Amino acid sequence: MDYREIPLLRTDSYAKIFLYNTHETVACVPRHTIRMRDPVKPELLQQAVEQALMRFPHMTLGVEATATDYRYRRIVLPPVVLPFDGVEKRYAIGSSDTNGYLFLVGYRGDTITMEYQHSISDGRGFEEFIRCVLFQYLTLCGHPVENDGTVRGMDTRWSPAENADGYEQLSDQEFSPEGIWKKPEAVHAWELSNMGDAPEIVTEITFPFAELHAYAKSISVSPLSIVAPLLMRAFDEKFGKGEDKPVIAEIPVDLRPLLPTPTTRYFICFIDLPYLPAYRTMELPEVFRQTKAFLNGQMEREQLLYRAKAAADRCTELHEADMPLEQKCAAAQKVTRDFVQEDSFLITNVGRFVMPESCMPYILDYGAVLPCATQPFALLVSSFGDRMKLSLAQRDHDLQVVERLEAGLRSLGIQPSRRSYPFTVTRYDGRLCGMV
């Protein structure tokens with residue numbers, strides 16, 4: 001049977017591109033961390049992952065190479081959980097380290113770490129798997145937890161729609177690019193770009209979400225319309241001096257609200273958000289309003305679906321091209337690098353991480369990190385409980401941008417806490433996968 005006819009082995013139209021890249025060229029291995037109330041029990045976590053895979057069979061995937069492409073294969077070995085300190089113990093996802101699986105589950109002390117190769121999911125989709133693993137783990141620990149419908153747990157049934165390639169909904173439609181902003185050259189910290197396998201620094205800025213929400217409501221904007229320009233202004237003050245160019249943030253947009261689907265696969269498009277040179281002399285509230293207005297204009301359904309289809313078609317065409325694998329990898333990495341480096345950096349918002357109320361006493365904190373790869377900075381916004389967390393990965397040890405971002409929040413009456421730590425990216429390279 002042709003592998004493309006097996007639903008579990010279908011590769012997502014857009015996210016095919018991640019199969020041919022590495023952790024050095026694109027942020028293809030995001031990291032999610034969950035801090036528990038009690039020390040992690042590895043043997044029970046192992047059982048929880050095994051059970052979750054019964055509910056999420058489309059996560060039992062690895063990668064194999066042919067002469068012309070990378071494709072998925074079924075994994076028959078059991079999943080593993082790995083001792084994980086984030087710095088000293090470094091693994092390669094999809095390799096023998098993970099028994100070939102394209103996700104990684106680790107533990108250290110009271111913290112569970114979960115990562116995934118971006119070809120199999122986006123942040124929202126992978127969180128569905130995380131919730132299932134956590135719920136099964138807490139159940140195995142003997143805690144009185146109940147599924148209130150928040151979790152796709154063992155009391156629910158898997159549907160092939162959860163593995164659907166959402167972009168197929170767009171395949172027979174045409175959309176207009178009218179109204180999409182034609183961006184100019186952006187401010188960029190080239191000295192911090194393309195740094196290969198160099199380690200990163202992550203800073204977490206955490207604050208009560210209610211403080212940001214209250215300020216946003218008082219001037220009729222959204223939280224993203226505040227967080228994004230604060231970071232872009234901080235970046236501009238350090239790297240944009242003397243340049244008549246905008247800072248441009250690349251922002252992924254979840255397409256599920258537009259095209260409702262239970263898919264856990266990669267299902268997003270990107271928009272470009274500018275901090276214009278004219279904003280430098282504006283008061284912050286006006287910058288926030290201008291940003292909100294721009295976002296409103298670029299978030300029209302037609303525009304988003306045009307972007308999604310164009311990118312999915314381009315990635316599919318490259319994946320299916322008849323060319324030697326090595327040549328295809330080089331082409332895919334060039335496409336990716338050219339795309340991400342049209343902007344200054346990336347900002348992504350995975351939203352609020354939710355578990356059943358009965359689970360909350362046992363989960364103390366949640367956060368996620370998007371590595372920089374070829375970019376100088378990458379910001380991931382997440383929320384858990386009543387707090388929002390900004391996780392900023394960066395390529396150097398100069399914390400001026402972070403400090404200015406924190407100062408900007410304080411100027412609005414928001415009281416953040418901040419901590420920084422070294423970050424070593426988990427590796428991915430299709431050449432390391434093979435048969436395990």
Side-chain angles (χ1 to χ4, degrees), residues 7-12 15 18 28-34 36 40 44-63 72 74-75 77-82 84 91 93-94 98-107 111-140 145 147 149-166 254 256 261-268 348 350-356 359 363 366-370 380 382 384 426 428:
L8 290 177
L9 299 183
R10 289 176 183 157
T11 46
D12 175 275
F18 291 103
C28 60
V29 189
R31 180 175 302 174
H32 297 244
T33 56
I34 307 97
M36 310 299 288
V40 176
L44 296 185
L45 182 58
Q46 169 84 30
Q47 293 178 41
V49 176
E50 292 173 354
Q51 292 177 4
L53 287 175
M54 298 294 291
R55 175 59 183 77
F56 287 75
H58 56 294
M59 295 291 291
T60 58
L61 296 177
V63 170
Y72 291 145
R74 293 297 300 274
I75 301 293
L77 295 175
V80 295
V81 298
L82 301 167
F84 197 100
Y91 303 106
I93 206 164
T98 63
N99 273 352
Y101 287 91
L102 293 176
F103 66 87
L104 182 155
V105 179
Y107 64 92
T111 299
I112 296 171
T113 300
M114 295 185 67
E115 303 183 327
Y116 59 102
Q117 212 283 346
H118 233 331
S119 70
I120 63 169
S121 191
D122 56 22
R124 296 280 172 85
F126 191 64
E127 282 183 350
E128 296 291 352
F129 184 63
I130 293 175
R131 276 189 277 272
C132 185
V133 170
L134 289 181
F135 188 83
Q136 293 307 116
Y137 174 72
L138 292 173
T139 300
L140 290 167
V145 295
N147 190 357
T150 305
V151 179
R152 298 185 192 180
M154 307 308 289
D155 56 345
T156 65
R157 188 180 298 274
W158 179 76
S159 162
E162 297 177 32
N163 186 49
D165 178 357
D254 182 13
R256 294 172 184 85
T261 171
T263 186
T264 58
R265 290 301 191 220
Y266 193 92
F267 196 38
I268 63 175
T348 186
V350 297
R352 188 164 180 257
F353 184 73
V354 179
M355 288 290 291
C359 299
I363 304 173
Y366 164 87
V369 177
L370 188 74
L380 189 145
S382 61
F384 179 70
T426 294
Y428 168 77

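On a predicted model such as this, the values are computed, not experimentally measured, just so you know.
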Just jot down the side-chain hydrogen bond (donor to acceptor under 3.5 Å, both in side chains) partners of Glu50, sequence neighbours excluded, or say none. Gln46
So OG1 of Thr426 and CG of Leu104: to nearest 0.5 Å the spacing works out to 5.5 Å
Arg265 side-chain N/O to Ser121 backbone N/O, donor-acceptor pair under 3.5 Å: no
Could you measure the distance from the CG atom of Asp155 to the CG atom of Asn147? Nearest 0.5 Å is fine. 4.5 Å
Of all heavy-atom pairs between Ala161 and Pro262, which one has the smallest distance, and what is that distance? CB-CG, 3.7 Å
Could you list the residues that satisfy side-chain hydrogen bond (donor to acceptor under 3.5 Å, both in side chains) with Thr150, not counting sequence neighbours? Asp148
Is there side-chain contact between Gln51 and Thr139, with heavy atoms separated by less than 4.5 Å? no
Heavy atoms only: give me the nearest His58-Trp158 pair and the separation to one decimal. ND1-NE1, 3.0 Å
Among all residues two or more places apart in sequence or in another chain, which pass the ring-ring contact (aromatic ring centres under 6.0 Å, His included) test with Phe18? His118, Tyr266
Is the shortest heavy-atom distance from the side chain of Leu102 to the side chain of Tyr72 under 4.5 Å? yes
Is the side chain of Tyr116 donor-acceptor paired with the backbone N or O of Gly123 at a distance under 3.5 Å, no angle test? yes
Who pairs with Asp254 by side-chain hydrogen bond (donor to acceptor under 3.5 Å, both in side chains), at least two apart in sequence or on another chain? Arg124, Arg256
Using a 4.5 Å cut-off on heavy atoms from C-beta on, say whether the side chain of Leu61 contacts that of Tyr101. no
Less than 4.5 Å apart, side chain to side chain, heavy atoms only: is that true for Leu53 and Pro79? yes
side-chain hydrogen bond (donor to acceptor under 3.5 Å, both in side chains) against Tyr366, all qualifying residues, sequence neighbours excluded: His32, Glu127
Distance only, no hydrogens: is a donor on one side chain within 3.5 Å (strictly under) of an acceptor on the other, for Thr113 and Arg31? no
Can a donor-acceptor pair be found, under 3.5 Å and without considering hydrogens, that links the side chain of Thr264 to the backbone of Glu162? yes
Please tell me if the side chains of Phe103 and Val133 come closer than 4.5 Å, counting only heavy atoms from C-beta onward. no
If you compare all heavy atoms of Phe353 against all heavy atoms of Phe384, which two are closest, and at what distance to 0.1 Å? O-CD1, 3.4 Å
Give the minimum heavy-atom separation between Ala368 and Ser382, together with the two atoms involved. N-OG, 4.2 Å
Output, in order, the C-alpha distance, side-chain angles, deciding distance and verdict of side-chain contact (heavy atoms from CB on, under 4.5 Å) for Met114 and Phe129. CA-CA 10 Å; Met114 295 185 67; Phe129 184 63; 3.8 Å; yes
Sorted by chain and number, sequence neighbours left out, salt bridge (Lys or Arg N to Asp or Glu O under 4.0 Å) with Arg131 holds for Glu128
Using 0.5 Å steps for rounding, measure from the CD1 atom of Ile112 to the CG atom of Leu45. 5.0 Å
How many angstroms lie between atom CD1 of Ile75 and atom OG1 of Thr60, to the nearest 0.5 angstrom? 7.5 Å
With the side chain counted from C-beta on, respond yes when Phe135 and Arg152 share a heavy-atom pair under 4.5 Å apart, and no when they do not. no
In short, Val151 meets Thr156 closest at the heavy-atom pair O-CG2, 4.2 Å
Is a side-chain donor or acceptor of Thr98 paired with a backbone partner of Ile93 at a separation under 3.5 angstrom? no
Applying ring-ring contact (aromatic ring centres under 6.0 Å, His included), can you list everything that pairs with Tyr137, at least two apart in sequence or on another chain? none
Indicate yes or no: at least one non-hydrogen side-chain atom of Met36 is less than 4.5 angstrom from one of Leu138. yes
How many angstroms lie between CG in Leu134 and CD1 in Ile363, if you round to the nearest 0.5 Å? 5.0 Å
As an exercise, state the distance from CG of Asp12 to CD1 of Ile120, rounded to the nearest 0.5 Å. 11.0 Å
With sequence neighbours excluded, residues passing side-chain contact (heavy atoms from CB on, under 4.5 Å) with Thr348: Pro252, Leu346, Leu370, Leu380
Kindly indicate whether the side chain of Pro356, heavy atoms from C-beta on, has any atom under 4.5 Å from the side chain of Val145. no
